[in-house]
Amino acid sequence: MHKLSRSNRDKLQQFVAITGASDKNALQALKASDWQLEAAFDVFYSQPQPRSNGDMRRLEELYNRYKDPYSDMILAEGISVLCSDLQVEPQDIVTLVLSWHMNAATACEFSKEEFFGGLQALGVDSIGKLQEKLSFMRSELKDEQKFHEIYNFAFGWAKEKGQKSLALDTAIGMWQLLFAEREWPLVNHWCDFLQDRHNKAISKDTWAQLLEFARTVDPALSNYDAEGAWPYLIDEFVEYLYDKSVVEK
């Protein structure tokens with residue numbers, strides 16, 4: 001370790017503090033990613049973490065603390081207790097990121113398999129260790145590719161079971177939550193437009209295409225292509241912005 005530069009030594013210490021990895025494993029991950037911290041996290045968490053019987057017992061104890069007394073699931077009440085233990089609000093976006101790590105099928109529910117799988121992927125087996133991962137999970141929202149994955153995951157996670165579309169109020173709440181992280185100046189106008197002119201559930205295609213629109217089209221619409229393959233709802237939104245003089249033609 002004495003051969004490392006000060007900058008790399010700091011990265012090693014930061015990596016160990018966040019992941020709980022040994023110096024040896026931290027060094028391997030950082031070297032494999034050319035000393036880029038975010039890439040090193042991906043390397044580390046993509047590798048299967050060895051699990052001892054003690055680890056599994058601790059996961060079982062954690063699961064039993066939160067699971068519903070009448071079903072083998074963690075439901076809304078258990079998730080509320082989990083959030084309280086983590087000292088985060090249930091509506092904090094980090095709970096969405098945690099659900100993404102667990103590949104949870106539905107909001108406010110974790111199956112035992114989802115709960116175990118998510119914590120194992122994160123390399124944690126206690127609330128203290130999970131709490132230490134919160135800053136890492138928040139940082140994942142700053143990564144373009146991960147934000148895209150979390151955004152797409154959110155559609156299926158937030159919609160009602162058995163429904164193909166996302167209820168409008170739920171979609172608006174999710175957009176306001178997600179675009180608070182990846183600032184899009186038109187998000188409030190979009191939500192107002194939907195309530196004024198649409199007032200229907202949101203399809204998966206519209207959900208996916210809106211992120212592409214927000215990522216690629218300038219807020220002043222200077223590079224908007226009216227002949228592009230946008231869903232009709234996005235084309236109508238553009239007309240709404242012109243009608244309301246939010247942007248000039």
Minimum heavy-atom distance [X]-[Y], with the two atoms named:
{"X": "Leu37", "Y": "Lys11", "value": "CD2-O, 3.9 Å"}
{"X": "Thr95", "Y": "Cys83", "value": "CG2-SG, 3.7 Å"}
{"X": "Leu166", "Y": "Thr170", "value": "CD1-CG2, 3.8 Å"}
{"X": "Lys159", "Y": "Ser165", "value": "CB-O, 3.8 Å"}
{"X": "Ala26", "Y": "Val16", "value": "CB-CG2, 3.7 Å"}
{"X": "Ser99", "Y": "Phe153", "value": "O-CZ, 3.4 Å"}

[atom1]-[atom2] distance between [X] and [Y], expressed to the nearest 0.5 angstrom:
{"X": "Phe155", "Y": "Ser203", "atom1": "CZ", "atom2": "OG", "answer": "6.5 Å"}
{"X": "Arg197", "Y": "Leu233", "atom1": "CZ", "atom2": "CG", "answer": "11.5 Å"}
{"X": "Asp196", "Y": "Cys191", "atom1": "CG", "atom2": "SG", "answer": "11.0 Å"}
{"X": "Trp230", "Y": "Leu210", "atom1": "CH2", "atom2": "CG", "answer": "8.5 Å"}
{"X": "Leu178", "Y": "Leu141", "atom1": "CG", "atom2": "CG", "answer": "8.0 Å"}
{"X": "Leu27", "Y": "Phe15", "atom1": "CG", "atom2": "CZ", "answer": "10.0 Å"}

So, the side chain of [X] versus the backbone of [Y]: is there a donor-acceptor pair under 3.5 Å, distance only?
{"X": "Asp218", "Y": "Asn223", "answer": "no"}
{"X": "Glu114", "Y": "Ser111", "answer": "yes"}
{"X": "Asn152", "Y": "Ala208", "answer": "no"}

Other residues, nucleotides and ligands only: do more than 12 of their heavy atoms fall within 6.0 Å of [atom1] on [X]?
{"X": "Glu248", "atom1": "CD", "answer": "no"}
{"X": "Glu77", "atom1": "CD", "answer": "no"}
{"X": "Tyr70", "atom1": "OH", "answer": "no"}
{"X": "Glu160", "atom1": "CD", "answer": "no"}

Begin with the C-alpha distance, continue with both residues' side-chain angles, and end with the deciding distance and a verdict on salt bridge (Lys or Arg N to Asp or Glu O under 4.0 Å) for Arg182 and Glu144. CA-CA 9 Å; Arg182 304 284 286 197; Glu144 184 87 17; 2.4 Å; yes
Non-hydrogen side-chain atoms of [X] and [Y] separated by less than 4.5 Å:
{"X": "Phe179", "Y": "Leu211", "result": "yes"}
{"X": "Leu194", "Y": "Tyr240", "result": "no"}
{"X": "Leu130", "Y": "Leu98", "result": "yes"}
{"X": "Gln28", "Y": "Lys24", "result": "yes"}
{"X": "Lys146", "Y": "Met137", "result": "no"}
{"X": "Trp100", "Y": "Glu140", "result": "yes"}
{"X": "Phe110", "Y": "Leu119", "result": "no"}
{"X": "Ile234", "Y": "Trp190", "result": "yes"}

Find out if a path of hydrophobic residues (ILVMFWY) with successive side-chain heavy-atom gaps under 4.5 Å connects [X] to [Y].
{"X": "Met73", "Y": "Met102", "value": "no"}
{"X": "Val247", "Y": "Val238", "value": "yes"}
{"X": "Phe115", "Y": "Leu75", "value": "no"}

Met174 and Leu96: CA distance, side-chain angles, deciding distance, side-chain contact (heavy atoms from CB on, under 4.5 Å) verdict: CA-CA 10 Å; Met174 293 303 298; Leu96 169 63; 4.0 Å; yes
Return yes if a side-chain donor-acceptor contact under 3.5 Å exists between Glu236 and His198, otherwise no.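 Result is no, nothing qualifies.
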Any chance the side chains of Trp175 and Tyr151 put a donor and an acceptor closer than 3.5 Å?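 Note: Trp175 and Tyr151 side chains meet the donor-acceptor criterion.
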Any ion pair linking [Y] and [X] (charged N to carboxylate O, less than 4.0 Å)?
{"X": "Glu60", "Y": "Lys112", "result": "yes"}
{"X": "Lys161", "Y": "Glu109", "result": "yes"}
{"X": "Arg58", "Y": "Glu61", "result": "no"}
{"X": "Asp192", "Y": "Lys244", "result": "no"}

Taking the six-membered ring for Trp, are Phe237 and Phe213 parallel (under 30°), tilted (30 to 60°) or perpendicular (over 60°)? perpendicular
Kindly assign one of parallel, tilted or perpendicular to the pair Phe116 and Tyr63, based on the angle between their ring planes and the thresholds 30° and 60°.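 Ring orientation, 0 to 90° scale: perpendicular.
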Could you walk me through whether Asp143 and Phe41 pass the side-chain contact (heavy atoms from CB on, under 4.5 Å) check? CA-CA 12 Å; Asp143 179 282; Phe41 289 138; over 6 Å; no
Given Leu30 and Asn8, is the side-chain contact (heavy atoms from CB on, under 4.5 Å) satisfied, shown in steps? CA-CA 9 Å; Leu30 284 160; Asn8 286 353; over 6 Å; no
Check the pair Leu62, Ile127 against side-chain contact (heavy atoms from CB on, under 4.5 Å), reporting the backbone distance first and the verdict last. CA-CA 8 Å; Leu62 262 189; Ile127 282 299; 3.7 Å; yes
